[in-house]
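Note sheet for the following structure.
Lettering follows sequence order; numbering is per chain, from 1.
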Amino acid sequence: MTPADTGAANDIPKHRYDARLANAIEQHWQDRWETERTFWAPNPHGLLADVNAERAALSKLYVLDMFPYPSGAGLHVGHPLGFIGTDVFARYQRMLGRNVLHAMGMDAFGLPAEQYAVQTGQHPRVTTAENIATYRDQLRSLGLAHDPRRGVSTADPSYYHWTQWIFLQIFESWYDADADRARPITELTAELDAGTRQPDDDGAAWSARDAAARRDYVDRHRLAYIDEAPVNWCPGLGTVLANEEVNAEGRSERGNFPVFKRPLKQWMLRITSYADRLIADLDRLDWPEPIKLMQRNWIGRSVGALVDFDVDGTDLSIRVFTTRPDTLFGATYMVLAPEHELVDKITPNEWPRCPQEWRGLFGAERSPRQAVAAYREFAAAKSELERTAEGRVKTGVFTGAYAVNPATGEYIPVFIADYVLMGYGTGAIMAVPAEDERDWEFAEEFSLPIVRTKQPPADFDGKAFTGDGPSINSANDEVSLDGLDVAASKRKMTDWLESSERGEPTVTYKLRDWLFSRQRYWGEPFPIVYDAYGPRAVPESMLPIELPDLFDFAPTVSDDPDALPAPPLARAENWVRVTLDLGDGPKEYTREVNTMPQWAGSCWYYLRYLDPTNEDAFVDPAVERYWAGATHGGAPTGMVDLYVGGVEHAVLHLLYARFWHKVLFDLGHVSTAEPFGRLFNQGYIQAYAYTDDRGFYVEAKDVVERDGGYFLDDAPVAREYGKIGKSLKNVVTPDEMIDNYGADTFRMYEMFMGPLDASRPWQTRDVVGVYRFLQRLWRVCIDEDTGEPHVDDQALDVDTARVLHRTIAAVRGDVDALGFNTVIARLFELNNHVWGIVESRGRAPRAAVEPLLLMLAPLAPHISEELWSRIGHSGSLAYEPFPVHDPALLVETTAEIPVQVNGKVRARITVAADADAAACEAAARADERIAELLAGKAVRKVVAIPGRLVNFVV
RNA sequence: GCCCGGAUGGCGGAACUGGCAGACGCGGUGGACUCAAAAUCCAUUGCCCGCAAGGGCAUGCGGGUUCGAUUCCCGCUCCGGGCACCA
């Protein structure tokens, strides 16, 4: 310490609230909360029922954060925004008398943990444990009031035991479309055996099938099934990925490696069975509308019709899906996806009579079969990126086959083209160029006929018309749509198709079944073994199936798109080969060597928080009912009352978790139809970054603002705005903020920056505002020189009482809406008001200070607890009742209202609060300035709203 | 391209159901205290004209509805996000 510093330190009062004192207070209270088990939320019974038992009689509130991946980098100031928000809300709700469940687990399996482990060369178990410890320390220092008993880790065998158990529930179920819910698979076999249900696969009668055929049938109906389907194979990551994990450029979301479609046998979960319910139940949820919309779009329900087109010269027909059956009369050609199974069957050996353009580039010099083969090769070789880069020029080739338009009876050519996707609808379309832009482009490219079946408006520019209008050219001997609008035409055409057995109404979805296996080490092993015929479930009694300890756990990656997946677990040969008794005597089996995707653990962690130490069940049913709210009356929709997290999980995690929850609901394991009743997306904290004249990032900390510019030393630098991270050299950590100001200041600043759902820039310069507020609050209560409290029992003057009660009313309203920034503004005002009293009278009134501390406690819990205790209370204020306002003190006797002339404010007058319109007008006219402005002018109209304003129109 | 969301002082932001735009904080300016500085306290601070009284202009841009619009409607611009040949 320099002499100057020493001198300065001597001037600062001994008991000032500075970072050093704040840190001491924070340590003290964090320790005390821990030893007194302040935030242990009791269950109604069971292992977590012994402490604070009386609170289990209160009504429950479940507040949840999207739990973090414990990466090696630790937290920066952007991470805890949502965690602090939920903590404030949860602490507030405790003071309202709720039994609040708030905990923080760790999403410990998955790619980030595995990649970090691969980089550092240590076992993921070790690095994950270290990272979790770091996260826990950082989170603890923020003063978050979690129940520490419930902070599960998904990579813990006692946790994934039950992830595997839930997988078995899914595996042992099927979807009963008639009942519209999942049911145990044993009920399906029982009904088939009893003959009360017939197989739905057009095969032999159930009684005529042998054991292997029956087992195959049942396996194909499970909610978890193995399918050889085109999957997203990513050699660069050495694993397959879900559609949701592949971006528009055909690359992996993680790592940005190329992804290839190829058929592979993989585990699939039948989420498509739930498509309708996943859409319908969104209406019951208190979620942001944009998120609901994203889920609806992702599921992509569309209503339309299936139509059959007979292929000329064969007994085959092509089935298409269309949302516009009303345009069938305008279908002048057809297109199949290049991989469509009928392509080989309908393609002739020789070209029929046809325009040369139809044969295009691929068919010019070749036979139809050669042309089709050449085009298929061309289409398969294109990456998604190339397709996008081409600007969507339509390509394709005529197959040489013709089909019959069922409405017109005309022969129309059948093409293959890559603008038709195998994965959607039937992989085949009827092309109506006049009413579809893509078909129009293709028709122009290949000189195909275009027939309008909808009358476009007079000013229409001449290309495909996709709007509404009367049908034209749409009649045959049996049906006429002419003159009808789109909706009526659709109805009439669908009826005709159905009655004439040429088609039927249907619904399709963009949503695909969920690809559920990964070729990874650091994930949950499947509770599945194989015999010669296929998969067998491992019985519950043998769970958990623990991950074997591998030395080499890295995935097998490759640049070769033809490389085959090689799961790391296959290397654990002693683990893979097992002898088990699955009820029919000891036999040899092979274990499943894929692992579950990262989403598995995060699909249900909120359920394990309820009963984390239960070894007999994933959650005790009575405990589940208590936290679902089912024991408090009413019909709860969502288990969790408030779920806060980033918008990046709008579809993936939130859709998967809803799906699992609904399966568990159908099977009677949970009592709500939805997991998350209210969802809130917190914004992001970003920060400024700076580049020097060479374009390199420089440490943002060292940059100073001067004369409207930014400088590092004396060199000017350019300012950018972006994510907080090492690459932009703009990282600010909670640890340094806590060191410099204390956790309460840090929490308050994060909450004060703006509304919780908005993104905002971090500006360390602004932190001092809330720091000053806390210092002033400290001085309101404590004499800085002596450290003694100077709060007394003086009565509140009327003015102070009004300010106090207005503040209470506003704070309650704003906290409910998670409007913490305005809560803080109100508390600043109250604190400043009380400071005025301290300045004039030397002491602060207890009647104002106590409610102020109680209202501040959720936001800045440490200083609030400390002052609460210093002014004479022995216990924690965590469960003190939140202040209640006196409505009588909010009633104003007079009101100051503006007086406008022609909409411009010209004066303000004070009237009785209950003055009627006439009285307001009279008072306004009596105002000297208004009288002057109105003198000699004819008042055309007077708008007088009692208590609001008076407006004269002249 | 389609679908969402946003734009308010030098900065972060506030404003209930159409009724005083700019709460609260940062920063700035002036002052008190101090040998001085820091800290603290007080005052002031949207922009323009004016000594002042006062006036004018202002919520991305252009229109509209209304006595009155940050708020509602129409048409744009820019920024952020989602989806992307889904028949």
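At a cut-off of 3.5 Å, with distance as the only test, a side-chain donor of Asp439(A) or Tyr419(A) sits close to an acceptor on the other residue. Side chains of Tyr509(A) and Asp276(A): a donor on one and an acceptor on the other come within 3.5 Å.
Remark: Arg719(A) CZ is packed, more than 12 non-hydrogen atoms of other residues, nucleotides or ligands lying under 6.0 Å away.
Residue Val320(A) is out of contact with every strand shown, counting any heavy-atom pair closer than 4.0 Å. Using a 4.0 Å heavy-atom cutoff across all strands shown, Leu949(A) reaches at least one base atom of the nucleic acid. Using a 4.0 Å heavy-atom cutoff across all strands shown, Glu896(A) reaches at least one base atom of the nucleic acid. The residue Arg301(A) sits apart from the nucleic acid: no heavy atom pair falls under 4.0 Å. Among the heavy atoms of the strands lying under 4.0 Å from Ser759(A) are primed sugar atoms or P, OP1, OP2 only; no base atom is included. Looking at heavy-atom distances under 4.0 Å, Arg16(A) makes contact with sugar-phosphate atoms alone, never a base. Among the protein residues, Glu839(A) comes within range of the sugar-phosphate backbone only, with heavy atoms under 4.0 Å from sugar or phosphate atoms but none that close to a base. Phe321(A) comes within 4.0 angstrom of a base, heavy atoms only. Among the heavy atoms of the strands lying under 4.0 Å from Val943(A) is at least one base atom, whether or not backbone atoms are also near.
When all heavy atoms of Arg826(A) and Thr807(A) are compared, the closest pair comes out as O-CG2, 3.9 Å.
To the nearest whole angstrom, the two C1' atoms, one in C57(B) and one in A21(B), are 14 Å apart. For the P atoms, the distance from C67(B) to G62(B) is 23 Å, rounded to whole Å. Distance check on atom C1': G13(B) versus G19(B) gives 22 Å, rounded to whole Å. Here the separation of U66(B) from G12(B), taken at their C1' atoms, is 34 Å to the nearest Å. Using atom P as the reference point in both U44(B) and C35(B), the two lie 28 Å apart (nearest Å). Comparing the P positions of A15(B) and G25(B) gives an interatomic distance of 16 Å, to the nearest angstrom. G10(B) and G5(B): their P atoms are spaced 28 Å apart (whole Å). Nucleotides C24(B) and G9(B) have their C1' atoms positioned 14 Å apart, rounded to a whole Å.
For Phe442(A) and Phe415(A), the gap between ring centers is short of 6.0 Å.
One atom, CZ of Arg296(A), and another, C1' of G82(B), lie 15 Å apart when rounded to the nearest Å. Whole-Å rounding puts the Ile945(A) CD1 to G18(B) P distance at 14 Å. One atom, OH of Tyr771(A), and another, P of U40(B), lie 9 Å apart when rounded to the nearest Å. Taking atom CG of residue Asn832(A) and atom P of nucleotide A43(B), one finds them 10 Å apart after rounding to whole Å. Separating the CZ atom of Arg760(A) from the P atom of G25(B) is a distance of 18 Å, rounded to the nearest angstrom. Between the P atom of G68(B) and the CZ atom of Phe952(A) lies a distance of 16 Å, rounded to the nearest Å. Spacing between atom CD1 of Ile299(A) and atom C1' of G82(B) amounts to 15 Å, rounded to whole angstrom units. Rounding to whole angstrom units, CD1 of residue Ile930(A) and C1' of C67(B) are separated by 14 Å.
For Arg826(A), no side-chain nitrogen or oxygen approaches OP1 or OP2 of A14(B) to under 4.0 Å. Neither OP1 nor OP2 of G25(B) sits under 4.0 Å from any side-chain N or O of Arg776(A). Dashed line: the shortest gap from a side-chain N or O of Lys904(A) to OP1 or OP2 of C57(B) is under 4.0 Å. Under 4.0 angstrom from either OP1 or OP2 of A23(B) there lies no side-chain N or O belonging to Thr822(A). Regarding contacts with the backbone of A39(B), every side-chain N or O of Gln775(A) stays at 4.0 angstrom or more from both OP1 and OP2. Close to G55(B), at under 4.0 Å from its OP1 or OP2, lies a side-chain N or O of Arg906(A). In terms of phosphate contacts, Asn821(A) brings no side-chain nitrogen or oxygen within less than 4.0 Å of OP1 or OP2 of G12(B).
The backbone N or O of Ile930(A) sits nowhere less than 3.5 Å from a side-chain atom of Arg906(A) that would complete a donor-acceptor pair. Of the possible donor and acceptor atoms, none in the side chain of His833(A) sits under 3.5 Å from a partner among the backbone N and O of Phe828(A). Checked by atom type and distance alone, the side chain of Tyr771(A) never pairs as donor or acceptor with a backbone atom of Tyr749(A) at under 3.5 Å. In terms of modelled atom types and a separation under 3.5 Å, the side chain of Glu504(A) and the main chain of Leu306(A) share no donor-acceptor contact.
Arg779(A) has no carboxylate O lying under 4.0 Å from a charged side-chain N of Glu839(A), or vice versa, which leaves the two without a salt bridge.
Nearest nucleotide to the side chain of Asp418(A), out of C85(B), C3(B), A87(B): C85(B). The side chain of Trp835(A) sits closest to C42(B) out of G12(B), C42(B), A87(B). The side chain of Pro761(A) lies closest to G12(B), out of A87(B), A14(B), G12(B). Considering only the side chain of Lys941(A), C67(B) comes nearest among C67(B), G55(B), A23(B). Here the nucleotide nearest the side chain of Thr322(A), chosen from A87(B), C3(B), G55(B), is A87(B).
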Handout entry: Bracket string, RNA chain B, 5' to 3' - pairs by Watson-Crick or G-U geometry under 3.5 Å, | interstrand
Key = (((((((..(((......[....)))((((((.......))))))((((....))))..(((((..]....))))))))))))....

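On a pure distance criterion of 3.5 Å, a polar donor-acceptor pair joins the side chain of Asn951(A) and the base of C67(B).
Nearest-nucleotide assignment on RNA chain B puts the 5′-proximal partner with Leu933(A), out of Leu933(A) and Thr323(A). For the pair Asn902(A) and Phe752(A), both in contact range of RNA chain B, the more 5′-proximal nearest nucleotide belongs to Phe752(A).
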Exercise for the section: Test Glu932(A) against Arg929(A) for salt bridge (Lys or Arg N to Asp or Glu O under 4.0 Å), laying out the working first. Expected result: CA-CA 5 Å; Glu932(A) 204 174 293; Arg929(A) 213 173 120 59; 5.2 Å; no

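By the rule that a glycosidic angle within 90° of 0 means syn, G9(B) counts as syn.
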